[in-house]
Amino acid sequence: MVGDALANLLGKAGWDVTKEYYINDAGAQVQALAMAAWWRYLQALLATPEGLAAASGATRGFAGSARGREEFEASFGQALQYGGDYLVPVGQALAAEHGAGLLAADGGLPDAATLAQVRQRTVAAMMVEIRADLAALGVRHDVFISEAALVAAGVADRAIADLAAKGLVYEGVLEPPKGKTPDDWETRPQTLFASTRFGDDVDRPLRKSDGSNTYFANDIGNHADKLARGFAELVQVWGADHGGYVKRMQAAVAALSDGHPVPLDVVLTQIVKVVKGGEPVRMSKRAGTYVTLADLIEEVGRDAVRFTMLTRKADAQMEFDLDKVVEQSRENPVFYVQYAHARCRSVLRSGESMADAPADLAAAPLESLTDAAELALIRRLAAWPRTVEAAALAREPHRIAFFLHDLAGDFHVLWNRGREDTTLRFIRGDEPEATRARLALVAATATVIRSGLQVMGVTPVEEMR
RNA sequence: GCGCCCGUAGCUCAACCGGAUAGAGCACCAGACUUCGAAUCUGGGGGUUAGGGGUUCAAAUCCCUUCGGGCGCGCCA
């Protein structure tokens, strides 16, 4: 959400923005995920007579068991890292699509090619879920980048070769971290990137002991790819748990883009702590307290979720109290702003339906707008371009939310002044020129609110009902 | 042990990256609907900006320190 709003904000401020999503579909973690999916595949397959008939070797032993996680690990001598139910449908799909075709000939574990097939299917299924969540949030990306595809295309290796050509890659030994030395620490030479030359605290490994790339190495490829596509500035939005990762990536980008430096800004967002009635909510399906983004959006609505999330600095620790958000959904500031917009539109509709509806509001003379409340609103509107620019430069979309709240407040005040003093109403039959000026002011207010809500990805409603 | 982020009203958060009396919302109290829609408005109580020290004409903001919270610290992603 922060990235989406920030991209919108930069676009509003005049940048030509491309929103990209990096899919971490390579590495040991994903390999482990694929293995778990294969386990689910066996469960689905062996539930059929054909599947049972095709089983041999270790698979046969597994077929005769309760087919749980422990039985799988015992039969194949393979530890599973993922036990969640969410891979069950993936396993069923694999069984339906391939039948017994994904079984190993010797009845053991699948070979590399088969596992790669499973991995691809699994990642695709996960991405369907992620895209659904993104869509529910109203987040759209222009580009999806696959880590595995970049690696396969040799992008990461070329980027590292580029760094090596600059003399920034060497074989070396890292000191163990002070204080808490891991039990299994053993000193060994590694392929390192000299990130300390660009302000990092220590040099960082590029290869694992088995020779494959670290996550960092592949991510260097990811950034090299962005540089190659000619972006003048890079902005990343990461969770706060990646804070220690910022310096090394900035070092890598600085090294890759020397000669034509491209800045890399990293916006860190704190993990949202979900709270219900003062107690932290555990993400546990078993305890029945599992809370997904989809649940949240369904309960309070997309606009309220987005506005609440975006009405705070990204790097502040925050609590999201479910009870309060649901209970206060009526009092949520988002409705305050949307109500102001709806009132603007209501007035403008009335203006248009007048017998002698004033035309060409943009050219209306504004001298008649002299009331303190009118001037306050005008001043606020005049600050809009500056606010957008400052918020964009600071990478702080939350400033837009606060601006909109203040702007809506100014408008509501003016509206209520008109209830006490009828000469301050927007539409006055006896004063066509004053009406024209005020409708111009209302139109400008509506335009700015609409523009700001667009940045936040919140709907500017025509009426509240 | 080291590094990064943070600590502001009872609660959730602001404060235009050194400026004037630190502001909103929620909650609480008291008022305003024969209105272009009261999902709004008006007024009120509530702060030693975690504590201490320093720099400055000026500090929530910068520096030091103590306390408290979050995150991170090779072959995870």
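When reading the values below, keep in mind they use all heavy atoms of this one structure, side chains included, and skip hydrogens, waters and symmetry mates.
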request  = Go through the structure and list residues passing side chain to side chain contact (heavy atoms under 4.5 Å, CB included) with A:Ala254, not counting sequence neighbours.
outcome  = A:Phe198

Side chain of A:Asp241 (C-beta onward), nearest among B:rU35, B:rG74, B:rC71 = B:rC71

note = For A:Gln81, the side chain to side chain contact (heavy atoms under 4.5 Å, CB included) test, sequence neighbours excluded, returns A:Gln29, A:Ala32

note = Of the listed B:rC36, B:rC13, B:rC41, the closest approach to the A:Phe402 side chain comes from B:rC13

query = What distance, rounded to whole Å, do you find between the two P atoms, one in B:rA9 and one in B:rG51?
reply = 10 Å

query = How would you list, by chain and number, every residue that makes a side chain to side chain contact (heavy atoms under 4.5 Å, CB included) with A:Thr214, sequence neighbours excluded?
reply = A:Lys208, A:Phe216, A:Ala217

task = Write down the distance separating the C1' atoms in B:rC64 and B:rG19, rounded off to the nearest Å.
result = 24 Å

Can I get a per-line list of side-chain donor-acceptor pairs under 3.5 Å for residues 443-458 of chain A, giving both atom names and the distance, sequence neighbours left out?
{"from": "A:Thr445", "atom 1": "OG1", "to": "A:Leu441", "atom 2": "O", "distance (Å)": "2.9"}
{"from": "A:Thr447", "atom 1": "OG1", "to": "A:Ala443", "atom 2": "O", "distance (Å)": "2.8"}
{"from": "A:Arg450", "atom 1": "NH2", "to": "A:Glu462", "atom 2": "OE2", "distance (Å)": "3.4"}
{"from": "A:Ser451", "atom 1": "OG", "to": "A:Lys12", "atom 2": "NZ", "distance (Å)": "3.0"}
{"from": "A:Gln454", "atom 1": "OE1", "to": "A:Lys12", "atom 2": "NZ", "distance (Å)": "3.1"}

request  = Decide yes or no, distance alone: a donor-acceptor N/O pair under 3.5 angstrom between the base of B:rA14 and the side-chain of A:Arg312.
outcome  = no

inquiry  = Going by the rule side chain to side chain contact (heavy atoms under 4.5 Å, CB included), which residues pair with A:Lys247 if we only count those two or more places apart in sequence or in a different chain?
reply    = A:Asp200, A:Asp201

Do any N or O atoms of the protein come closer than 3.5 Å to N or O atoms of nucleotides 15-21 of chain B, and which pairs are they?
{"from": "B:rA15", "atom 1": "OP1", "to": "A:His398", "atom 2": "NE2", "distance (Å)": "3.1"}

inquiry  = Would you say A:Lys208 places a side-chain N or O within less than 4.0 Å of OP1 or OP2 belonging to B:rA77?
reply    = yes

inquiry  = Rounding to an integer number of angstrom, what distance separates B:rU56 and B:rA60 when you compare their C1' atoms?
reply    = 16 Å

message = At less than 4.0 Å, is any side-chain N or O atom of A:Trp238 found next to OP1 or OP2 of B:rC71? Yes or no.
response = no

request  = Would you indicate, yes or no, if B:rA39 has its OP1 or OP2 atom less than 4.0 angstrom from a side-chain nitrogen or oxygen of A:Tyr339?
outcome  = yes

inquiry  = Taking the P atom in each of B:rC29 and B:rU66, what is the distance between them to the nearest angstrom?
reply    = 45 Å

message = If the cut-off is 4.0 Å, is A:Arg419 near the phosphate of B:rA32, judged by side-chain N/O to OP1 or OP2?
response = no

task = Verify the contact: side-chain N or O of A:Arg417 to OP1 or OP2 of B:rU42, cut-off strictly under 4.0 Å; return yes or no.
result = no

Between B:rG53 and B:rU40 - P atom distance, rounded Å = 44 Å

message = Looking at B:rC13, I'd like to know if its phosphate oxygens (OP1 or OP2) sit under 4.0 Å from a side-chain N or O belonging to A:Thr311.
response = no

inquiry  = So, does A:Tyr215 get its side chain near the phosphate of B:rG74, meaning an N or O under 4.0 Å from OP1 or OP2?
reply    = no

Residue A:Val413, side-chain atoms from C-beta onward, closest of B:rU42, B:rG3, B:rC75 = B:rU42

